[in-house]
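For the numbers below, each heavy atom of this structure counts, side chains included, while hydrogens, waters and symmetry mates do not. All chains are named by letter (A, B, ...) in the order of the sequence lines, taking the proteins before the strands, and each is independently numbered beginning at 1.
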Amino acid sequence: MKFYITTPIYYLNDAPHIGHSYTTTAADIMARWKRLKGYDVAFVTGTDEHGAKIVAAAKEKGKSPQEFVDEMSEKFKDAWKLLNISNTGFIRTTDASHIKNSQDIIQILFDKGLIYKKKYTALYCVGCEKFILERDLDENGCCHDHKTKPQLQSEENYFFKLSQFQEILLERILDEKHKEHIEIQPMERRNEIIGKLKLGLDDISVSRATLDWGIPVPFDKNHTIYVWVDALISYITAIGYPAKNNPLSDFWPADIHLMAKDILWFHCVIWPAILIGAGLAAPKKVYSHGFFTIDGDKMSKTIGNVISPQALVDKFGVDAARYLTVSLIPFGPDGDISWSGLNLKYNTDLANNLGNLTSRLNKMFQKYFEGNIPSVKHNGVLFEKAEQVLNEDFAKEMDAFQIHKASDALQKALTLINQQIENDAPWTLAKTDMEKLKECLFSYIQSFDLILLYLFPYMPVISQKIWDINGAQGNLEEIAKDYFANPKKYKDGFSKAGAKLQAAEVLFPRIQ
RNA sequence: CGCGGGGUAGAGCAGAUGGUAGCUCGUCAGGCUCAUAACCUGGAGGCCGCAGGUUCAAAUCCUGCCCCCGCAACCA
């Protein structure tokens with residue numbers, strides 16, 4: 001079973017921030033989850049390095065575009081390393097293989113008569129160095145950014161016959177039974193795309209005559225390929241297109257393209273049209289999440305409220321930063337992120353529940369059994385209850401990419417253990433019934449271990465750490481894969497009788 | 001009549017196929033003492049934007065209206 005998930009390739013005019021890490025962390029959690037479930041996963045992220053804005057940004061720093069993108073793309077690689085992102089590929093649009101692929105695809109489209117040359121006359125803003133539409137002007141007829149009147153300018157460009165694809169795209173998006181159905185999530189975004197699609201499609205310009213920093217159009221070296229077209233093609237370059245003798249290309253079409261809502265149109269309409277036009281399969285699912293505000297304000301350099309991945313990691317640690325980023329707000333709609341919200345979620349979910357339960361159980365074992373797992377028959381009642389929450393709630397939400405709800409299911413499962421402890425009152429049993437106490441503690445630790453398997457995608461390091469503390473042996477990820485392939489094998493749990501629990505440190509100190 | 005989303009307890013949100021209104025946080029009361037002043041139980045708190053309609057029955061379907069947000073940004 002193969003599974004291919006992508007993040008957008010990030011445009012390099014800015015350093016990585018929480019917007020980028022949100023998407024990438026979400027994709028990583030999904031990739032890790034699918035691996036546990038036995039899928040062979042390709043997970044690609046990367047950087048988008050062409051275009052006028054890059055040239056401008058480089059110039060501002062006194063660098064050549066190439067120097068600039070080399071530096072900037074390292075920052076993204078570093079950020080993903082910091083966040084323990086398990087991507088299997090990192091594509092740069094300046095990679096030689098990608099340049100060749102983009103040219104091949106454009107050539108194919110050209111040969112099929114889907115690309116033609118046309119003179120294009122429109123308003124051009126010198127400040128932006130791009131054509132702008134009349135509806136994008138302010139009340140004085142000036143550009144929003146530069147407050148200057150745009151000039152009428154004409155340019156000869158190559159156009160892609162996007163207009164031909166309206167029918168086929170609508171059919172594939174609307175018909176869920178279509179063998180090449182393109183699924184768009186969430187629903188409200190899908191409706192929006194369908195609505196726009198029904199209005200009709202214009203052919204789009206796919207080349208630039210005035211921009212050098214780009215991939216040359218193969219049949220006309222005076223033009224470069226429009227940066228968006230080249231960016232999209234990276235998704236197939238990344239897994240080894242063209243197919244010849246490349247096992248990776250079995251991963252196409254992509255199972256999920258993940259992104260923020262602003263670039264949904266490119267992925268649901270332009271990208272599938274290019275693929276279909278070139279005789280290739282279109283992606284199976286396009287999933288967009290919302291934008292977020294920081295403390296109610298738009299995330300903005302000017303306001304100065306941009307949160308970097310590093311700042312999150314500094315405050316919460318890597319695993320907690322991962323967990324909090326994707327759990328704080330619903331996945332799909334717009335949401336608000338604030339430090340106070342993050343702190344609260346950290347305290348409730350991680351300090352009070354996960355962290356506290358770790359030391360709660362640990363101290364009981366230390367106090368009553370010198371830190372050893374007692375030998376006792378496994379009473380599986382609690383274990384099965386937890387299994388049910390995880391298999392039903394967690395798995396259902398995760399597969400629907402509702403990762404914030406899946407994390408709620410984790411919390412629910414942890415609460416089951418806390419409730420059971422309260423119900424059994426082991427501190428009383430310690431005085432009255434040692435056999436029963438053994439049985440109870442044994443079932444708590446096994447159920448907790450079970451939850452850790454599901455926690456792994458969110459917190460790959462800490463889950464292993466708790467696993468070790470709990471006296472469970474071996475590599476959590478490997479055991480999780482084995483468990484999902486054959487759950488019955490682990491009916492009696494994971495921590496073995498006779499194993500010793502490690503002393504637990506405070507994993508998540510409360511934030512005051 | 002541009003397109004789309006949304007209006008549900010103090011806050012943030014769930015609530016395909018209509019049938020006693022739920023969750024998290026906060027708040028109040030109680031319990032426990034193994035645990036990171038953590039944990040558990042219970043309570044209070046809602047005319048489900050407004051007005052009509054369909055129905056034995058509507059937050060959920062239909063009609064009309066009101067209000068908020070995005071489709072403009074340095075941006076995922």
Could you list, one pair per line, each protein nitrogen or oxygen that sits under 3.5 Å from a nitrogen or oxygen of nucleotides 29-31 of chain B, together with the distance?
residue: B:G31; atom: N2; partner: A:Glu422; partner atom: OE2; Å: 3.3

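- Aromatic pair A:Tyr346/A:Tyr323: centroids not less than 6.0 angstrom apart.
- Taking A:Glu67 as the reference, nothing meets the salt bridge (charged side-chain N to carboxylate O under 4.0 Å, His left out) condition, with sequence neighbours excluded.
- Residues passing the side-chain contact (heavy atoms from CB on, under 4.5 Å) test with A:Ala413 are A:Val389, A:Leu390, A:Ile451, sequence neighbours excluded.
- A cation-pi arrangement, defined by a distance under 6.0 Å to the six-membered ring centre and an angle within 45 degrees of its axis, is absent between A:Arg322 and A:Tyr458.
- Looking at heavy-atom distances under 4.0 Å, A:Tyr368 makes contact with sugar-phosphate atoms alone, never a base.
- For the side-chain contact (heavy atoms from CB on, under 4.5 Å) test, residues two or more places apart in sequence or in another chain that qualify with A:Thr415 are A:Asn353, A:Gln419.
- Partners of A:Leu170 by side-chain contact (heavy atoms from CB on, under 4.5 Å), not counting sequence neighbours, listed by chain and number: A:Gln166, A:Leu174, A:Ile194, A:Leu197, A:Lys198.
- More than 12 heavy atoms of other residues, nucleotides or ligands lie within 6.0 Å of NZ in A:Lys77, so this atom counts as buried by the packing criterion.
- Considering only residues two or more places apart in sequence or on other chains, A:Leu328 meets the side-chain contact (heavy atoms from CB on, under 4.5 Å) condition with A:Ile337, A:Leu342, A:Lys345.
- For A:Thr25, the side-chain hydrogen bond (donor to acceptor under 3.5 Å, both in side chains) test picks out no residue, with sequence neighbours left out.
- Looking at residues 423-443 of chain A, you'll see A:Trp427 sit with a heavy atom under 4.0 Å from some atom of RNA chain B.
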Using atom names, set out every protein N or O paired with an N or O of nucleotides 5-10 of chain B below 3.5 Å, distance rounded to 0.1 Å.
residue: B:G5; atom: OP1; partner: A:Asn191; partner atom: ND2; Å: 3.4

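- RNA chain B lies under 4.0 Å from at least one heavy atom of each of the following residues of residues 406-420 of chain A: A:Thr415, A:Asn418, A:Gln419.
- Remark: A:Lys284 pairs with A:Asp255 by the salt bridge (charged side-chain N to carboxylate O under 4.0 Å, His left out) rule, at least two apart or across chains.
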Watson-Crick and G-U pairing of RNA chain B written in dot-bracket, each distance under 3.5 angstrom, with | for inter-strand partners: .((((((..((((.....[..)))).(((((.......))))).....(((((..]....))))))))))).....
